[in-house]
Amino acid sequence: MSVNPRLLTNQVIKSAAPSSLPLLSLHRLLRRRRLSSLSSHLSLLRRAASHHIPNPHEIHALLLTGGHLSASPAALTSLISLYSKLSSPADALSVFHSSPTPPNLFAWNAAISALSSNSLPADALCLFRRLRSDPSVHLIPDGFTFPCIIRSLSDLGHAGEIRKIHALLFKSGLDSDVFASSAMVNAYLKMGFPEFSVQVFDEMPERDVVLWNSMVNGFAQMGRFPNAKEYFNRMMKAGFAPSGFTVTGILSVFTSMADLNGGRRIHAFALKIGYNSDAAIPNSLIDLYGKCHATDDAREIFDSMPVRDLFSWNSIISAFEHSGDHTEALEIFGEMLRAGVRPDSITMAAVLPACSQAAALAHGREAHAFLLRHGITGDVFAGNALVDMYAKCGSLKAARLVFDEMPDRDRASWNIMIDAYASHGRGEDALDLFAAMNLPPDEITLLGVLSACSHAGMVQAGMMIFEQMEETTTLTAEHYLCAVDMVSRAGMLEKAAEMAAKAERACGAKGWRAYIAACKERGEMERAVEAAGRVVGMEPEGSGAWVMAANAYGWAGKYKEVEDLRGEMWRQGVRKVPGCSWVEVGGRGVQTFVTGERRHPQSEAIYDVLCGLAGRISGC
DNA sequence: ATAGGGTTAG
C-alpha cells in the first residue's frame, strides 16, 4: 500500500486524538522526507514532545541540516523546549548556546525554563543573572521569565531573594500577572510565609484555577489543613470548576487527617468531573483508602484504572502495607514485576517493611539482591528500609553492613541502626553509634538511646543522657515512660517514683503504672498501694487506674480495700469494659466473646480444644 | 515559539 507522506503528515498534525497514529509512521516520515515548510517542523516538534519520541536528536539533526536553526529563532526555541520536556536540560542548553545569532527573549526564557523545570535551579539563576547584567544582552525579563526564577529560588530556599524578586515584579508591572503570582504564592507557602501568600492572593484583581490551587495545595503541603479546606470551600463558592490538581490537593488533606467520609465526598466529586485522563487522581484515591484501611476500595480503584503508572503501583502497595496486609503487598509487588513495570526506590521502601514485618529474611534478601541488580543502591529511603529489614529479621550484622556501605545517611538511618541495637539489647553498640552520629539527634534518636540503656540495664549512662536531654530537648511522654521504665526495671524504686511524679504532666498516670508493675515485681506492695491511691485520684474517669489500684491492693492482701474500691467504682459509674474479640464461623455470622465466658452452647468443647492447645504450647 | 499548581516512602 502506498502512502502519500504529505497527507499523512497533515493527518498527524491535525489528528484530534494524537495516539491514533503510531509513532513509527511519524519516525518513518522524519527519516524519508525533507519537510519543506517550517510550520510542519514545529508541529512535529510539539507532537514529538507529547509522544515522548525517544530520539529527539534525529529531529535536531533535521532542523540543523535544513538550516532552520539559523534561519528561524522560533525553531530554535521549539527545539530547546523539546529537549526540556524530554528531561534533557544539557541538550537544551547546548542548543541555546549554539545559536548563530544572539538569542532573543523567547530562547532565553525557554533555556531558563529548561533548567528550572529539570531540577537545576542554581543554573537557571545563573542564566537569569546573565540575562540581567550582561552588557551585550539588551533584553528585559518578562512574565514568562519570572515564574521560572521564582520557582528556582523557592527550590533553593532563598527567602531573601524571593522578596527582592517580589519587589521587581511590582517595578515590572507584573504584580497582577496570574502566572507570576501563583509561582509567588507557591514559593511563599513552601518557605513558610503563609501571610505573604495571603497578601499576594488578596491583592489579585483576577484569579484563575491555578492560583486557587496554589493556595489550597500549598496550605495542604505545609500541614495547615483547616486553611487548605477554607480556600477549597471559598474556591467552590466563587464558582471555580476544580481541576485535577484541586482534587489531588484536597484529597491529600483528607488523607492526612484520615477523614474517610470527607475523602469519599471528594471522590464522588471527582467522578462527576471525570478523571479518565489523569492517573494522579486514582493514585491519591488509592492513597486515601489505603491510609484509612479501606483496602477493598483502594483495590477497586486500582483494578478499574485503564493505565497504571509507577505512582499507581506504589500507592496500592503502600495501601496494603499500611493496613498491615504484608502478604497482599508482596503479592501485588509480584504482579507489578510480571506486568513489566520497573520498581523504583519508593516501591522498595514500601516492600522491604513487608519483609521485615513478616520477618521474612529470605524475601528480604531477594529484595536486597533486586535492589543491587536494578542499581537502586544510593537511595537513602531504600537503604534505610533495608537496614530496618535486616535488623527486624534478626540479622544485626547484615544491617550494620548495609548501614556502613550507604553513601548517604540521614537522621533516620542513624535512628534505625541505634534502634536495632536497642531492641537487641546491645546497649554499648547503640551508645557507640550515638557518639559517632554526625547529625544533630532528634526525639526519636534520644528515645532509641534511652531504650537501648533500658534494655541493656545501663542505668547510669541512661540517666546521664536523660538529664542532659531534659535540659536541651522537649521531651515527650514516651521519653518519660522509657526513663521510668528503665529505672524501675533496675529496681531503683525511689528514683522511679521521683521520675513518675515529674512525668505526670507529660504522660499522666502512665509512668505510675510502670512503677507499680515494678513494685509488684519486687514484692514492694506498700509502695504499689501508695502509688495506686495516687493514680486513682489522677484519672477518675478511666477504669484503667482503678483496676491497677484494685490489683495492687489484691497483691498486698488488702481485700477489704479491694471491695471498697470496687464499690466506689460502681458509685462513680466507672465500668471496666471487658476486652472483646470475635470470630466469623463459616458464614453463620459473627460471634463475639469475652475472657472466661461460658455463654456459648458449645462452651465445653471450645475449652477442651483451648486446653489442648495450651498444653501443646507449654509442651514445646 | 517561551511561563504557574497535584499524587507514592522510614
Side-chain angles (χ1 to χ4, degrees), chain A residues 38-39 41-42 45-46 72-82 84 96 103-114 116-117 141-151 154 174 177-187 189-190 208-218 220-221 242-252 255 278-288 290-291 309-319 321-322 344-353 356 379-389 410-413 415-416 419 444:
Chain A
L38 184 62
S39 71
H41 272 307
L42 298 178
L45 283 183
R46 270 212 306 281
S72 159
L76 186 96
T77 301
S78 294
L79 189 59
I80 295 174
S81 160
L82 176 74
S84 168
F96 174 75
N104 62 15
L105 190 56
F106 286 99
W108 277 91
N109 286 343
I112 291 173
S113 158
S116 70
S117 60
D142 66 359
F144 283 75
T145 327
F146 282 106
C148 304
I149 293 313
I150 294 165
R151 185 183 158 175
S154 155
L174 289 166
D177 182 278
V178 275
F179 284 84
S181 296
S182 32
M184 213 40 131
V185 158
N186 210 28
L189 284 171
K190 280 218 174 87
D208 72 353
V209 194
V210 178
L211 188 63
W212 278 102
N213 287 349
S214 300
M215 292 303 279
V216 174
N217 299 343
Q221 273 168 22
S243 69
F245 283 79
T246 326
V247 173
T248 47
I250 196 70
L251 264 178
S252 77
T255 303
D278 194 348
I281 293 176
N283 290 346
S284 36
L285 280 171
I286 291 172
D287 190 37
L288 164 79
K291 291 258 163 60
D309 60 8
L310 189 57
F311 262 99
S312 172
W313 285 101
N314 287 348
S315 300
I316 191 79
I317 291 174
S318 309
E321 181 53 33
H322 192 88
D344 66 355
S345 58
I346 294 176
T347 323
M348 298 316 287
V351 167
L352 279 166
S356 348
D379 186 84
V380 188
F381 266 101
N384 289 350
L386 206 52
V387 174
D388 198 44
M389 182 277 293
D410 63 5
R411 216 190 313 262
S413 323
N415 291 351
I416 290 167
D419 245 12
I444 300 171

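Every chain is numbered from 1 and lettered A, B, ... according to where its sequence line falls, protein lines coming before strand lines.
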**Q** Please classify the nucleic acid contact of A/I416 as base, sugar-phosphate, or nothing, using heavy-atom distances under 4.0 Å.
**A** nothing
**Q** Can you say whether a donor on the side chain of A/D410 sits under 3.5 Å from an acceptor on the base of B/dG10, or the other way round?
**A** yes
**Q** Between A/L105 (CG) and B/dA3 (P), how many Å, whole number?
**A** 12 Å
**Q** Rounded to the nearest 0.5 Å, what separates atom CD in A/E321 from atom CG in A/L352?
**A** 9.5 Å
**Q** So, the side chain of A/S113 versus the backbone of A/N109: is there a donor-acceptor pair under 3.5 Å, distance only?
**A** no
**Q** Does A/G249 reach a base, just sugar-phosphate, or nothing at all? Heavy atoms under 4.0 Å.
**A** nothing
**Q** Could you check which of B/dA3, B/dT2, B/dG10 has an atom nearest any side-chain atom of A/P147?
**A** B/dA3
**Q** Quick check, does A/F144 stack with B/dT2? I mean ring centres under 5.5 Å and planes off by under 30°.
**A** yes
**Q** Of the nucleotides B/dG10, B/dA1, B/dA3, which has the atom closest to the A/D388 side chain?
**A** B/dG10
**Q** I want to verify a distance call: between B/dT2, B/dG4, B/dT8, whose nearest atom is closest to the A/S315 side chain?
**A** B/dT8
**Q** Whole angstrom is fine here: how far is it from CD1 in A/I346 over to C1' in B/dA9?
**A** 6 Å
**Q** In terms of side-chain heavy atoms of A/N283, which of B/dG10, B/dT7, B/dA9 is nearest?
**A** B/dT7
**Q** Once you round it to whole Å, what is the distance between P of B/dT7 and CG of A/L251?
**A** 11 Å
**Q** Please report the distance, rounded to the nearest Å, between CG in A/N217 and P in B/dG4.
**A** 15 Å
**Q** Nearest whole Å is fine: how far is B/dT2 P from A/L76 CG?
**A** 12 Å
**Q** For the pair made of NE2 in A/H322 and P in B/dA9, what is the distance, rounded to whole Å?
**A** 9 Å
**Q** Over all strands shown, is A/G244 touching base, sugar-phosphate only, or nothing at heavy-atom distances under 4.0 angstrom?
**A** base
**Q** Mind checking if A/S243 touches a base, just sugar-phosphate, or nothing, with heavy atoms under 4.0 Å?
**A** base
**Q** Excluding sequence neighbours, so at least two apart, what forms ring pair (Phe, Tyr, Trp, His ring centres under 6.0 Å) with A/F96?
**A** A/W108
**Q** Between B/dT8, B/dG6, B/dG4, which nucleotide gets closest to the side-chain atoms of A/T248?
**A** B/dG6
**Q** Short question: side chain of A/D142, backbone of A/T145 - any donor-acceptor pair under 3.5 Å?
**A** yes
**Q** With a 4.0 Å limit, can you tell me whether A/S113 has a side-chain N or O closer than that to the phosphate oxygens OP1/OP2 of B/dT2?
**A** no
**Q** Who pairs with A/S243 by side chain to side chain donor-acceptor pair (under 3.5 Å), at least two apart in sequence or on another chain?
**A** A/N213, A/T246
**Q** Side chain of A/D177 only, heavy atoms from C-beta on: which candidate in B/dA3, B/dG4, B/dA1 is closest?
**A** B/dA3
**Q** To the side chain of A/A74, which of B/dG4, B/dG6, B/dA1 is closest?
**A** B/dA1
**Q** Assess whether one donor atom and one acceptor atom, taken from the side chain of A/D208 and the base of B/dG4, lie less than 3.5 Å apart.
**A** yes
**Q** Between A/F311 (CZ) and B/dT8 (P), how many Å, whole number?
**A** 7 Å
**Q** Regarding A/D344, tell me which of base, sugar-phosphate or nothing describes its non-hydrogen contacts under 4.0 Å with the strands shown.
**A** nothing
**Q** Is the base of B/dA1 touched by the side chain of A/N104 through a donor-acceptor pair closer than 3.5 angstrom?
**A** yes
**Q** Hey, does A/V216 reach any base, or is it just sugar-phosphate, or nothing, if we go heavy atoms under 4.0 Å?
**A** nothing
**Q** As a test of reading the structure: which of B/dG4, B/dA1, B/dG10 is closest to the side chain of A/T77, going by heavy atoms?
**A** B/dA1
**Q** With no angle test and no hydrogens, is the base of B/dA1 tied to the side chain of A/S78 by a donor-acceptor pair under 3.5 Å?
**A** no
**Q** To the nearest Å, how far apart are A/R411 CZ and B/dG10 C1'?
**A** 13 Å
**Q** Verify the contact: side-chain N or O of A/K291 to OP1 or OP2 of B/dA9, cut-off strictly under 4.0 Å; return yes or no.
**A** yes
**Q** From C-beta outward on A/A110, which listed nucleotide comes closest to its side chain: B/dT8, B/dG4, B/dT2?
**A** B/dT2
**Q** Compute whether any side-chain donor of one residue and acceptor of the other, for A/D344 and A/T347, lie under 3.5 angstrom apart.
**A** yes
**Q** Give A/Q221 one of three labels, base, sugar-phosphate or nothing, depending on what nucleic acid heavy atoms sit under 4.0 Å from its own.
**A** sugar-phosphate
**Q** Scan side-chain atoms only and decide if A/S413 and A/D410 contain a donor-acceptor pair under the 3.5 Å cut-off.
**A** yes
